[in-house]
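Shown next, in structure tokens, is the structure this report addresses.
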Protein chains: 2
Amino acid sequence: MGESTRCNEGYLQIGEAAERTELTQRTLRYYEEKGLLQPPTRMDGGFRLYSPDDIERLERVKQLKDLLGFSLADIREMLEADDVKQELKAGWRKDADSGEKAAKIRVARDVTLKQLALLDQKLAKMASLRDHLAERIEKYDGWLRQWSEDGAPEATPAGGASVP
Amino acid sequence: MGESTRCNEGYLQIGEAAERTELTQRTLRYYEEKGLLQPPTRMDGGFRLYSPDDIERLERVKQLKDLLGFSLADIREMLEADDVKQELKAGWRKDADSGEKAAKIRVARDVTLKQLALLDQKLAKMASLRDHLAERIEKYDGWLRQWSEDGAPEATPAGGASVP
DNA sequence: TAGCACATTGACGTGCGCGTTAACGTTGTT
DNA sequence: AACAACGTTAACGCGCACGTCAATGTGCTA
């Protein structure tokens, strides 16, 4: 078969996982080594098998790295809150006493809150920067208008980028 | 004198410049080496003297680095638009023909526009991430409420971070 | 003029985030 | 059984963004 319906239900080998996430195999192994993913399951021969959840996590790592420019260590920290969520999704019904559960959830909640606060700070600063840029553009346009009225007459059909 | 009213009008030596900007002397020299600043003026002996404009620029570099996580090369590019602004501020009245000026300004404007578009993309993605985090917190709170109603009764005065 | 804080260049070192190569094992097909 | 395609670990290398000496020169003060 040319098309690959290879491994069990949506589980991917490292090559395919790398393609899907647009990361390199080296990077996947590196992230595993650095504890950003819990080690994926292996085939009998030792080949890594990435679950859909693993893929999801890899995509979150990528997102965080591209977006925030954080170090992998920082990202590792941030993802620890995710882990609690995963533990919830998995078989937690029949687990230990509810006090522990609640405590863990509270920790995860607080961590997430701090992340949110941090993100809001960044967003605010970036918004401010954005406004500065916008102002500058208006100034430029002002100078250009004044120049073309006052001085030499020149057509000015500059290419524009839309700002939705 | 204990207080330092040292160099001429607001010009700072590298040590003080480093303090003001919260960067290291090494970093300042490195940024200069990499062309992020035009080389500052020197005293007779060769000591660097940073003008207020230099300080401003350093602070912008820092802001861009912290905020966006860009490489210094990227930042260098972004700052080239700033340079045009500076050229405007300086003696440009009696300069070359107005066609050149207008062309330069148009270039700067377009570069700035692209930066703005990029920033808006980032902002959008970050806002989306923010919403995800907020949703998660609500879910956590939901679980916690359900647990405390359904199961063990426990006081829950978790420390909160305000989100203005 | 001595002394001390501060600066200069130059060189080497460091941690991160991978890239690259080598030597070797596994899978699936023919 | 043979073969290509894919995977494994281990090790070295690299570019970036500086940190950290070392040897030397400068500025101000006493």
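Both backbone and side-chain heavy atoms feed into the values below; hydrogens, waters and symmetry mates do not. Proteins get letters first, then strands, A, B, ... in listed order; numbering begins at 1 in each.
- Of the residues B:Leu133, B:Asp131, B:Leu129, the one that meets the side chain to side chain contact (heavy atoms under 4.5 Å, CB included) test with A:Leu116 is B:Leu133.
- The 12-atom threshold is exceeded at CD of B:Glu59, counting heavy atoms of other residues, nucleotides or ligands nearer than 6.0 Å.
- Comparing D:dT8, C:dT9, C:dC6 by their nearest atom to the side chain of B:Gln13 picks out C:dC6.
- Between A:Tyr50 atom OH and D:dT8 atom C1' the separation is 11 Å, expressed in whole Å.
- Atom P of nucleotide D:dC6 and atom CG of A:Leu12 are separated by 14 Å, given to the nearest angstrom.
- Checked options B:Met126, B:Lys125, B:Lys122; the residue passing with A:Leu68 is B:Met126 (criterion: side chain to side chain contact (heavy atoms under 4.5 Å, CB included)).
- The two atoms that bring B:Leu49 and B:Pro40 nearest to each other are O-CB, 3.4 Å, heavy atoms only.
- Considering only side-chain N and O atoms, A:Arg48 lies under 4.0 angstrom from the phosphate OP1 or OP2 of D:dT8.
- One can place CG of B:Leu28 at 16 Å from C1' of C:dT9, the figure rounded to the nearest angstrom.
- Remark: C1' of D:dG15 and CG of B:Asp74 are 14 Å apart, rounded to the nearest angstrom.
- Taking atom CD on B:Glu33 and atom C1' on C:dG10, their separation rounds to 11 Å, with Å as the unit.
- When the C1' atom of D:dA17 is taken as reference, atom CG of B:Asp66 falls 13 Å away, rounded to whole Å.
- In this structure, B:Leu49 places its CG atom 10 Å from P of C:dA7, rounding to the nearest Å.
- Under the 4.5 Å side-chain heavy-atom criterion for ILVMFWY residues, a single connected hydrophobic cluster contains both B:Val61 and B:Tyr30.
- With rounding to whole Å, B:Glu16 atom CD is found 12 Å from C:dA5 atom C1'.
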Nucleic acid footprint by protein, nucleotides 15-26 of chain C - heavy-atom cut-off 4.0 Å, B for base, S for sugar-phosphate alone: --BBBB----BS

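- Summarising the local packing, CD of A:Glu22 is surrounded by 12 or fewer heavy atoms from other residues, nucleotides or ligands at distances under 6.0 Å.
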